[in-house]
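Here is the structure we will look at, set down as structure tokens.
Numbering of residues begins at 1 and proceeds along the displayed sequence.
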Amino acid sequence: MAEGRAALVLTGGGARAAYQVGALLAIRDVWGSKRAENPFPIVCGTSAGAVNAVALAVFSANFDEAVRKLAFIWRNLRVDHVYRADTLAIAESVLRWGSAVFFGWLVNQSPRSLLDNAPLGELLEAQLDFSAIGRSIADGHLHAISVTASGYTSGESLAFYQGADSLEPWRRAQRVGIRTELKVDHLLASSAIPFVFPAVRINREYFGDGSMRQLAPISPAIHLGADRILVIAGGRRSEEARQRSDTYPSPAQVAGHAMSSIFLDGLSMDLERLERINTTLSAFTAEQRLEAGIALKPIETLVIAPSQRLDYLATRHRNALPNSLRLVLRGIGAMRKNGSVLLSYLLFERAYTRSLMQLGYTDAMSRRAELARFLRIDEG
């Protein structure tokens with residue numbers, strides 16, 4: 001297969017996105033820190049993965065610098081860099097939701113979200129020069145970048161992309177690609193976990209987390225011209241056997257189950273679908289596909305995913321959260337092992353994110369030979 005364009009796909013997962021940065025550090029080491037050029041001319045991100053994707057795009061003129069900046073931010077991240085977790089903010093949130101439940105009929109107003117992520121917007125504005133994306137595309141360091149968000153009114157999965165002039169918008173069933181100039185609002189919309197963070201209005205519609213209703217997470221990379229795709233996932237499906245449970249699931253356990261469905265299921269199904277298509281196409285030569293009018297092409301894929309359950313890892317660092325937030329999460333069962341999936345998405349504290357980065361680095365380096373082949377590097 002010809003080398004073609006390599007794409008990097010970064011999935012969602014809140015604080016779990018620190019795992020991606022650890023994997024990127026390993027990729028940087030395999031690629032070579034002295035190589036300034038960007039190995040991924042196409043970068044696609046969803047939810048927290050969109051933040052990492054845009055950071056790579058902003059600094060795409062120097063891949064080593066981009067990864068180092070990302071690593072510095074995630075190594076030193078605190079909850080209050082992402083959302084307000086002080087006692088006053090948590091108390092106000094609890095009061096708003098309690099009032100909505102008991103007196104919503106009287107005031108006819110619903111709370112927007114459980115947490116206020118205004119600090120995240122301020123952090124992104126301070127750290128990322130969005131105008132650099134256009135310059136990187138013009139200079140040839142980047143071919144395209146996409147950020148996916150979910151429209152609450154249309155129900156469509158929108159991939160907002162910025163890229164070379166040759167790229168055309170697309171429309172498929174419940175999937176749309178729209179050319180735009182990426183801003184901080186696109187990142188806040190893409191990472192707006194339902195109920196947890198507020199939706200963001202872009203043009204005429206409110207948008208939430210891009211992992212919702214994202215039936216084909218790999219699709220934007222293919223539409224943007226990728227021939228081979230590296231996916232760094234933010235979690236894995238549990239392979240443990242079903243166990244007997246006599247305890248009614250806590251609200252945190254139910255919420256964690258819903259989040260896993262949002263963040264993990266779409267990617268698993270899309271990868272299975274792509275594997276089936278590749279298997280079918282392998283039965284034909286390129287000439288036979290051309291003669292038969294088959295427009296599809298085989299796509300090389302490599303997936304880096306956690307080797308451990310991140311919810312169990314989160315429980316080891318649950319006491320790093322501010323006291324007021326711990327109190328609320330304990331009340332809904334998130335501080336217990338069976339409710340820790342929710343915790344693993346919200347634990348933006350350095351003890352946890354550094355553990356995730358170390359795991360991401362170790363997992364990626366265990367696939368060093370495969371990474372070298374994917375990057376077309378001769379290490380021998």
Checking one residue: Val254. Which other hydrophobic residues are in its cluster under the side-chain 4.5 Å linking rule?
none

Start with the C-alpha distance between Glu300 and Arg376, add both sets of side-chain angles, then the distance that settles salt bridge (charged side-chain N to carboxylate O under 4.0 Å, His left out), and finish with yes or no.
CA-CA 12 Å; Glu300 178 185 349; Arg376 305 302 190 253; 2.8 Å; yes

Within 6.0 angstrom of Lys337 NZ, more than 12 heavy atoms from elsewhere:
no

With rounding to the nearest 0.5 Å, note down the distance linking CG in Leu342 to CD1 in Ile332.
5.5 Å

OH (Tyr361) and CG (Leu24) are apart, to the nearest 0.5 Å, by 12.5 Å

Minimal non-hydrogen separation, Thr148 against Ser190, with atom names:
O-OG, 2.6 Å

Nearest heavy atoms of Ala85 and Ser324, plus distance in Å
O-OG, 3.0 Å

Quick check on the 6.0 Å ring-centre criterion: do Phe207 and Phe160 meet it?
yes

So Ile27 and Phe63, do their side chains get closer than 4.5 Å, heavy atoms only?
yes

Please tell me if the side chains of Pro220 and Trp170 come closer than 4.5 Å, counting only heavy atoms from C-beta onward.
yes

Tell me, with the steps shown, if Arg78 and Asp80 meet salt bridge (charged side-chain N to carboxylate O under 4.0 Å, His left out).
CA-CA 5 Å; Arg78 301 296 301 269; Asp80 55 13; 5.5 Å; no

Got more than 12 heavy atoms from elsewhere within 6.0 Å of CG, Asn203?
no

When you look at Leu371 and Arg368, which way does the side chain to side chain contact (heavy atoms under 4.5 Å, CB included) test go after all the steps?
CA-CA 5 Å; Leu371 280 171; Arg368 179 170 189 138; 5.6 Å; no

Just checking, any donor-acceptor pair under 3.5 angstrom between side chains of Ser154 and Glu205?
yes

Euclidean distance, Ile304 CD1 relative to Met365 CE, rounded to 0.5 Å
11.0 Å

Cluster link Leu215 to Leu158, ILVMFWY, side chain under 4.5 Å
no

Kindly determine whether Thr279 and Glu275 satisfy side-chain hydrogen bond (donor to acceptor under 3.5 Å, both in side chains), including the steps that lead there.
CA-CA 6 Å; Thr279 300; Glu275 184 178 353; 5.4 Å; no

Pairing donors with acceptors under 3.5 angstrom, does anything connect the side chains of Ser191 and Ser47?
no

For Arg318 and Glu349, what are the C-alpha separation, side-chain angles and deciding distance, and is it a salt bridge (charged side-chain N to carboxylate O under 4.0 Å, His left out)?
CA-CA 9 Å; Arg318 57 193 170 191; Glu349 286 291 337; over 6 Å; no

SB check Arg5 Asp227 (cutoff 4.0 Å)
no

Is there a donor-acceptor contact under 3.5 Å from the side chain of Thr353 to the main chain of Trp74?
yes

Candidate pair Leu230 and Val303, rule side chain to side chain contact (heavy atoms under 4.5 Å, CB included), full reasoning:
CA-CA 6 Å; Leu230 173 63; Val303 181; over 6 Å; no

Hey, does Thr301 have a side-chain heavy atom less than 4.5 Å from the side chain of Leu274?
yes

Specify the closest pair of heavy atoms between Ala226 and Ile299, including all atoms of both residues, with the distance to one decimal.
O-CD1, 3.5 Å

Quick one: do Ser136 and Ser60 satisfy side-chain hydrogen bond (donor to acceptor under 3.5 Å, both in side chains)? Show the steps, please.
CA-CA 7 Å; Ser136 289; Ser60 57; 3.0 Å; yes

Residues Arg16 and Ser344: side-chain donor-acceptor under 3.5 angstrom:
yes

Side chain to side chain contact (heavy atoms under 4.5 Å, CB included) between Phe195 and Leu115, intermediate numbers included:
CA-CA 8 Å; Phe195 298 110; Leu115 298 172; over 6 Å; no

For the OH atom on Tyr152, are there more than 12 heavy atoms of other groups (residues, nucleotides or ligands in this structure) within a distance under 6.0 Å?
yes

Shortest non-hydrogen pair, Gly177 vs Pro169, comes out as O-CB, 3.3 Å

Considering residues, nucleotides and ligands other than Glu65, do more than 12 of their heavy atoms fall under 6.0 Å from its CD?
yes

Could you check whether Lys183 pairs with Glu181 (Lys NZ or Arg NE/NH1/NH2 to Asp/Glu carboxylate O, under 4.0 Å)?
yes

Exercise: identify the closest heavy-atom pair between Phe130 and Leu187
CZ-CD1, 3.8 Å

Determine the sole option in Arg213, Gln174, Arg171 for which the side chain to side chain donor-acceptor pair (under 3.5 Å) test with Glu156 is passed.
Arg171

Rounded distance (nearest 0.5 Å) linking atom CG of Leu329 with atom CG of Leu347:
8.5 Å

Report yes if the side chains of Asn52 and Val43 come closer than 4.5 Å at any heavy-atom pair, otherwise no.
no

For residues Ser150 and Gln214, is any side-chain donor paired with an opposing acceptor at under 3.5 Å?
no

Tyr161 and Ile145: side chain to side chain contact (heavy atoms under 4.5 Å, CB included), yes or no, with the steps?
CA-CA 6 Å; Tyr161 75 89; Ile145 163 78; over 6 Å; no

Could you work out, with salt bridge (Lys or Arg N to Asp or Glu O under 4.0 Å) as the rule, every residue matching Arg175, not counting sequence neighbours?
none

Pairwise side-chain contact, Tyr352 with Leu313, heavy-atom cut-off 4.5 Å (strictly under)
yes

Tell me whether Val54 shares a hydrophobic cluster with Ile232, the cluster being built from Ile, Leu, Val, Met, Phe, Trp, Tyr side chains joined at under 4.5 Å.
yes

Do we get Arg35 above Trp31's six-membered ring, with its NZ or CZ under 6.0 Å from the centre and within 45° of the axis?
yes

ILVMFWY network linking Leu224 to Val58, side-chain heavy atoms under 4.5 angstrom:
no

How many angstroms lie between atom CZ of Arg172 and atom OG of Ser157, to the nearest 0.5 angstrom?
13.5 Å

Less than 4.0 Å between a side-chain N and a carboxylate O, is that true for Arg367 and Asp363?
no

If hydrophobic clusters are built from ILVMFWY residues whose side chains come within less than 4.5 Å, do Ile218 and Leu167 share one?
no

Are Phe374 and Ile42 linked, directly or through intermediate hydrophobic residues, by side-chain heavy-atom contacts shorter than 4.5 Å (ILVMFWY only)?
no

Is any side-chain heavy atom of Leu343 less than 4.5 Å from a side-chain heavy atom of Asp311?
no

How long is the straight-line distance from CG of Leu356 back to CD of Gln308, given to the nearest 0.5 Å?
10.0 Å

Nearest heavy-atom pair of Phe40 and Leu375: which atoms, and what distance?
CZ-CD2, 4.0 Å

Side chain proximity check, Val184 to His186, heavy atoms < 4.5 angstrom:
no

Indicate yes or no: at least one non-hydrogen side-chain atom of Met357 is less than 4.5 angstrom from one of Tyr19.
no

Sequence neighbours excluded, every pair satisfying side chain to side chain donor-acceptor pair (under 3.5 Å) that has a member inside residues 114-129:
Asp129-Ser131, Asp129-Arg135

